[in-house]
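Report on one structure; see the data block that follows.
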Amino acid sequence: SVSSNDLPEVLKLLVPQLKRKVVKGFMLDEKYGICPLLSHQPWNWNESSVHIDLPGWTAHGVDKLKARCEELALQPRGTRGESGGQTGHTYDISNKHRLGYSEVQLVQTMIDGVNKLYEEDLALQKKHGM
């Protein structure tokens, strides 16, 4: 595990990734399939996101979802990007923090947080009669 504060070590991991086959803005990996490539921020390789349907949270209130994500060190966005707005009940969930944490910490935060949001969403769907 490498801290994102250790630039030489980050570059040792990043450069081979950037040399992989790139197809229309996505990186093709034999094991993981197609992965988004943030070409506008190549130094920010610790950024990842998950698209997830959260109809219960949408019914409960987007501001409440934002507050809950803050508690989980996550941030919700619409699927149209940072400024593209929200449509429907599908959210792009990403880590709030990107620097100063190891890859393991960031991935574990994402896994734990998204799993928690999903569990809570199921309860909110019941609460809102969905």
Side-chain angles (χ1 to χ4, degrees):
S1 174
V2 174
S3 169
S4 56
N5 290 335
D6 188 350
L7 187 58
E9 289 300 312
V10 167
L11 290 175
K12 282 182 190 175
L13 293 172
L14 177 62
V15 171
Q17 300 303 320
L18 293 176
K19 289 181 180 178
R20 289 184 178 189
K21 185 175 181 180
V22 175
V23 179
K24 292 186 180 180
F26 291 87
M27 182 172 56
L28 183 60
D29 183 275
E30 288 182 21
K31 181 177 179 183
Y32 299 109
I34 297 174
C35 306
L37 178 64
L38 299 171
S39 58
H40 65 288
Q41 294 180 328
W43 62 88
N44 194 357
W45 67 287
N46 280 334
E47 182 175 349
S48 63
S49 67
V50 172
H51 283 195
I52 184 170
D53 290 338
L54 298 171
W57 274 109
T58 302
H60 194 59
V62 175
D63 288 337
K64 291 177 182 176
L65 172 61
K66 288 179 182 178
R68 181 63 176 130
C69 284
E70 179 76 23
E71 294 170 357
L72 297 170
L74 300 174
Q75 57 186 13
R77 296 183 178 135
T79 54
R80 294 184 177 178
E82 279 184 51
S83 58
Q86 173 60 28
T87 59
H89 54 258
T90 304
Y91 296 87
D92 181 9
I93 306 292
S94 62
N95 286 334
K96 178 180 177 187
H97 306 289
R98 290 172 178 78
L99 298 176
Y101 297 86
S102 72
E103 303 89 24
V104 172
Q105 289 171 308
L106 293 170
V107 169
Q108 196 62 58
T109 296
M110 176 72 75
I111 291 168
D112 293 344
V114 169
N115 283 334
K116 190 68 173 166
L117 288 173
Y118 178 74
E119 291 171 15
E120 293 169 351
D121 189 73
L122 294 176
L124 288 169
Q125 287 180 48
K126 287 181 183 178
K127 178 181 176 181
H128 293 281
M130 302 172 85

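In terms of hydrophobic clustering, with Ile, Leu, Val, Met, Phe, Trp and Tyr side chains grouped at heavy-atom distances under 4.5 Å, Ile111 and Ile93 are assigned to different clusters. Linking Ile, Leu, Val, Met, Phe, Trp and Tyr whenever their side-chain heavy atoms come within less than 4.5 Å leaves Leu74 and Val107 in two separate clusters.
The CG atom of Leu117 lies 6.5 Å from the CG atom of Leu65; values are rounded to the nearest 0.5 Å.
Contact of the Pro55 side chain with the Met130 side chain is registered, since non-hydrogen atoms from C-beta on lie closer than 4.5 Å. Residues Thr90 and Ile52 fail the side-chain proximity criterion, which asks for heavy atoms closer than 4.5 Å. Taking 4.5 Å as the limit, every side-chain heavy atom of Trp57 sits out of range of all side-chain heavy atoms of Val62.
Not counting sequence neighbours, the partners of Lys96 by the salt bridge (Lys or Arg N to Asp or Glu O under 4.0 Å) test are Glu70. Contacts of Ala123 classified as side-chain contact (heavy atoms from CB on, under 4.5 Å), with partners at least two apart in sequence or in another chain: none.
Residue pairs meeting the ring-ring contact (aromatic ring centres under 6.0 Å, His included) criterion with at least one member in residues 109-130, sequence neighbours excluded: His60-His128. Sorted by first and then second residue, the salt bridge (charged side-chain N to carboxylate O under 4.0 Å, His left out) pairs involving residues 51-64 (not counting sequence neighbours) form an empty list. Pairs passing the salt bridge (charged side-chain N to carboxylate O under 4.0 Å, His left out) check and including a residue from residues 105-130, sequence neighbours excluded, read Arg68-Glu120.
Nearest heavy atoms, Thr58 versus His89: OG1-CB, 3.3 Å.
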